[in-house]
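What follows is a short report on a single structure.
Heavy-atom basis, side chains included; hydrogens, waters and symmetry copies ignored. A quick note: this is a predicted structure, and the numbers were derived from the prediction, not measured.
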Amino acid sequence: MLGNKIKGFGEIVLRVNDMGLMMNFYQNCLGLELIRGSEEYTFFKIAEGYGGHNQILALFAKTNLTAFGIELERIEPNHSSLHHVALEIDVKDYEEIIDLLKKQNIDFVTEVFEWVKWKSIFIKDPELNVVEFVCYDSNL
């Protein structure tokens, strides 16, 4: 089995229609660290990873071929198999993130998952991908 060989998430890649708009959102609204950006692809550091490979959120232009050489005709968030991307936060930053989202006029919803003691904040990026900020809260 491969499960015992996997050390964590390396990257999540979103296909995008408008690279500039999406790069601006993730860099300037969410404050992710830009590693490299271009019209074809953009990489943001999420956190330290394993063995020198950081955890990454990547944006790929819809014109980039997949690893298997497949070209996408169009991107439609309502027809995607991607449900959402979750980013871990510290419970002490939960309320501060809500305040920052309010100041930036970014719509959000919250949800509590008592069975695992998680609190979550959900937002949508400019191309309607759902991004979750999630933390463990031992007080739940």
message = What's the separation between atom OH in Tyr136 and atom NZ in Lys117, rounded to the nearest 0.5 Å?
response = 4.5 Å
query = When clusters are formed by joining ILVMFWY residues with side-chain heavy atoms under 4.5 Å apart, either directly or through shared neighbours, do Val85 and Val16 land in the same one?
reply = yes
message = Tell me whether the count of non-hydrogen atoms from other residues, nucleotides or ligands lying under 6.0 Å of CZ in Phe113 goes above 12.
response = yes
message = Just verifying a value: how many Å separate Leu87 CG and Gln55 CD, rounded to the nearest 0.5 Å?
response = 9.5 Å
request  = Group every Ile, Leu, Val, Met, Phe, Trp and Tyr by side-chain heavy-atom contacts under 4.5 Å, then state whether Tyr26 and Ile12 land in the same group.
outcome  = yes
task = To the nearest 0.5 Å, tell me how far Met22 CE sits from Phe60 CZ.
result = 13.5 Å
query = Does the side chain of Glu127 reach to within under 4.5 Å of the side chain of Asp18, using non-hydrogen atoms?
reply = yes
ask   = Is there a side-chain contact between Ile46 and Phe9, using heavy atoms and a 4.5 Å cut-off?
value = no
inquiry  = I'd like to know if Val130 and Ile123 are part of one continuous hydrophobic network [Ile/Leu/Val/Met/Phe/Trp/Tyr, side-chain heavy atoms within less than 4.5 Å].
reply    = no
message = Per the side-chain hydrogen bond (donor to acceptor under 3.5 Å, both in side chains) rule, what does the pair list look like for residues 101-115, sequence neighbours excluded?
response = none
inquiry  = Looking at every non-hydrogen atom in both residues, tell me the closest pair between Ile89 and Cys135 and how far apart they are.
reply    = O-CB, 3.2 Å
ask   = Are the side chains of Phe25 and Asn129 in touch, meaning some heavy atoms are under 4.5 Å apart?
value = no
message = Phe122: which residues meet the ring-ring contact (aromatic ring centres under 6.0 Å, His included) condition with it, sequence neighbours left out?
response = His84
ask   = Roughly how far apart are Glu95 CD and Ile98 CD1, rounded to 0.5 Å?
value = 4.5 Å
task = Report yes if the side chains of Asp125 and Leu14 come closer than 4.5 Å at any heavy-atom pair, otherwise no.
result = yes
Over all atoms of both residues, closest heavy-atom pair of Leu59 and Met19 = O-CE, 3.5 Å
List the atom pairs, with distances to 0.1 Å, where a side-chain N or O of residues 29-45 and a protein N or O form a donor-acceptor pair under 3.5 Å, not counting sequence neighbours.
from: Ser38; atom 1: OG; to: Glu40; atom 2: N; distance (Å): 3.2
from: Ser38; atom 1: OG; to: Tyr41; atom 2: N; distance (Å): 3.2
from: Ser38; atom 1: OG; to: Tyr41; atom 2: O; distance (Å): 3.1
from: Lys45; atom 1: NZ; to: Glu48; atom 2: OE2; distance (Å): 2.5

ask   = How close do His53 and Ile56 get, heavy atom to heavy atom, and via which atoms?
value = CE1-CG1, 4.3 Å
key: Steps toward side chain to side chain contact (heavy atoms under 4.5 Å, CB included) verdict (Lys62, Asn17)   = CA-CA 6 Å; Lys62 67 179 176 184; Asn17 289 302; 3.3 Å; yes
key: Minimal non-hydrogen separation, Val134 against Ala86, with atom names   = CG1-CB, 4.3 Å
